[in-house]
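Right, one structure below, let's go through it.
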Amino acid sequence: MTGGKLIVFSAPSGSGKTTIVRHLLQQEELNLEFSISATSRIPRGEEIDGTDYYFINLKDFKQHIKNDDFLEWEEVYRDNFYGTLKTEIDRIWAMGKNVIFDIDVVGGLRIKKKYPNKTLAVFVKPPSVDELKIRLKKRKTESEEKINMRIAKASVELATAPQFDHIIENKILEVALEESKDLVLQFIAEGHA
Ligand code: 5GP
């Protein structure tokens, strides 16, 4: 398989990784294109189908699993499936671009394992679990129950951080943004794998 590089950003929900990924996408010299995941969860807020996610129903998602259409997939929360379609990577590589992923830790590590030399796996660490709770509440997009579900998962996810190539602590956003950009720039500049 040829094509550009794979840049994975993984983190507990609310760590700010989506903000970082969006920032990186605006940096033209990085030549990045966002990997749009498929999910069985319903759209939140202003999310757009085909831009933020491919929103598909649970039945169709399971059919894609059966067809082996996914590079990786995960039941991130109960009945909320998320996955990267193989066609998504082909689409981006055909554009001559590098792929950037905003995915959960299990999926992120799976991609790293599949393409060890092509992948830069970055873990975004929130300053603390308490801070995470505050951020999720501020977001006001999920119910109390859903927030608690995400917090419970965060502790498990934090334990996987050492398996990533780099850990970025998102304490001061501007610093995290700059650090992320430098990391990606350096990785992309390295010789082809
Ligand atoms: P959210 O519901 O907040 O958009 O996403 C929940 C979690 O699922 C986040 O950690 C997000 O990064 C992760 N996620 C999104 N897309 C994928 C994917 O394609 N595969 C995996 N494994 N996780 C994903």
Side-chain angles (χ1 to χ4, degrees), residues 6-25 32-58 60-62 64-65 67-92 99-115 119-126 129 132-133 135-161 163-164 167-168 170 176 180:
L6 305 172
I7 313 295
V8 170
F9 273 78
S10 295
S13 184
S15 305
K17 72 173 180 305
T18 304
T19 309
I20 294 176
V21 168
R22 286 203 185 125
H23 173 78
L24 294 175
L25 279 162
L32 297 173
E33 186 73 16
F34 182 61
S35 166
I36 305 166
S37 297
T39 183
S40 67
R41 82 151 162 76
I42 52 167
R44 198 168 62 201
E46 311 212 311
E47 287 176 332
I48 300 166
D49 183 39
T51 300
D52 299 288
Y53 281 108
Y54 299 117
F55 293 102
I56 58 179
N57 63 41
L58 196 55
D60 289 348
F61 198 104
K62 289 184 173 167
H64 279 302
I65 295 174
N67 297 350
D68 193 26
D69 291 335
F70 287 111
L71 179 64
E72 62 78 36
W73 63 270
E74 195 65 29
E75 187 175 7
V76 177
Y77 305 106
R78 189 144 61 90
D79 274 347
N80 280 189
F81 287 71
Y82 297 79
T84 307
L85 289 161
K86 291 175 183 168
T87 49
E88 189 59 11
I89 310 307
D90 295 339
R91 175 181 78 85
I92 296 170
V99 189
I100 187 162
F101 301 82
D102 173 346
I103 68 177
D104 94 315
V105 296
V106 180
L109 290 172
R110 217 165 256 164
I111 289 175
K112 175 75 192 174
K113 208 169 169 189
K114 276 196 178 158
Y115 302 108
T119 307
L120 172 72
V122 182
F123 186 92
V124 183
K125 197 166 169 268
V129 173
L132 204 64
K133 220 178 271 181
R135 289 183 190 176
L136 284 173
K137 285 196 175 148
K138 244 195 224 157
R139 200 154 83 175
K140 289 200 181 102
T141 46
E142 281 114 329
S143 63
E144 184 83 17
E145 187 204 341
K146 290 235 165 97
I147 289 177
N148 288 337
M149 200 163 82
R150 283 170 189 255
I151 297 290
K153 195 164 191 279
S155 312
V156 180
E157 290 167 332
L158 282 168
T160 68
Q163 295 176 56
F164 284 76
I167 300 174
I168 287 183
N170 188 10
S180 302

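Counting convention: from 1, in listed order, for ligands and their atoms alike.
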Options Gly107, Pro12, Ser37, ranked by nearest heavy atom to atom 16 (N) of ligand 1, top entry: Ser37
Establish, for the pair Lys146 and Tyr77, whether the NZ or CZ atom is under 6.0 angstrom from the six-membered ring centre and no further than 45 degrees off its axis. no
Assign the ring pair Phe61 / Phe70 to parallel, tilted or perpendicular, where the plane angle (0 to 90°) is split at 30° and 60°. parallel
Closest to atom 3 (O) of ligand 1 (judged by heavy-atom distance), picking from Glu74, Glu157, Arg150: Arg150
Testing Ile65, Val106, Thr84 for side-chain contact (heavy atoms from CB on, under 4.5 Å) with Trp73, which one passes? Ile65
Only heavy atoms count here, so choose which of Thr39, Asp102, Val8, Ile111 is nearest to atom 11 (C) of ligand 1. Asp102
Should Asp68 and Lys86 be marked as a side-chain contact (heavy atoms from CB on, under 4.5 Å) after you check the CA-CA gap, both sets of side-chain angles, and the distance that decides it? CA-CA 9 Å; Asp68 193 26; Lys86 291 175 183 168; 3.3 Å; yes
Any N or O of Val76 that comes nearer than 3.5 Å to an N or O of ligand 1? no
Arg41 heavy atoms, cut-off 4.0 Å: which ligand 1 atoms fall inside? 1 (P), 2 (O), 4 (O)
Do me a favour and list the nearest non-hydrogen protein atom to atom 2 (O) of ligand 1 with residue, atom name and distance? Tyr82 OH, 2.4 Å
Are any of the N/O atoms on Tyr77, whether in the backbone or the side chain, positioned under 3.5 angstrom from an N/O atom of ligand 1? no
Could you check whether Lys114 pairs with Glu72 (Lys NZ or Arg NE/NH1/NH2 to Asp/Glu carboxylate O, under 4.0 Å)? no
To atom 23 (N) of ligand 1, the nearest of Thr18, Asp104, Thr84 on a heavy-atom basis is Asp104
Are Ser15 and Asn170 close enough that a side-chain donor and a side-chain acceptor fall under 3.5 Å? no
Should the proximity of Glu72 to ligand 1, defined as any heavy atom under 4.0 Å, be assigned to the side chain, the backbone, both, or neither? side chain
Could you give me the CA-CA distance, side-chain angles and deciding distance for Val76 and Arg41, then say whether side-chain contact (heavy atoms from CB on, under 4.5 Å) is met? CA-CA 10 Å; Val76 177; Arg41 82 151 162 76; over 6 Å; no
Is there at least one pair of N or O atoms, one from Arg139 and one from ligand 1, spaced under 3.5 Å apart? no
Compute the shortest N/O to N/O distance between Trp73 and ligand 1 and return yes if it is under 3.5 Å, no if not. no
Below 4.0 Å, non-hydrogen atoms only: which portion of Tyr53 touches ligand 1? Side chain, backbone, both or neither. side chain
With side-chain contact (heavy atoms from CB on, under 4.5 Å) as the test, pick out the partner of Lys112 among Leu6, Leu120, Thr119. Thr119
Looking at CD1 of Ile92 and OG1 of Thr87, how far apart are the two atoms once the value is rounded to the nearest 0.5 Å? 10.0 Å
Give a yes/no verdict on whether any heavy atom in Lys17 is under 4.0 Å from an atom of ligand 1. yes
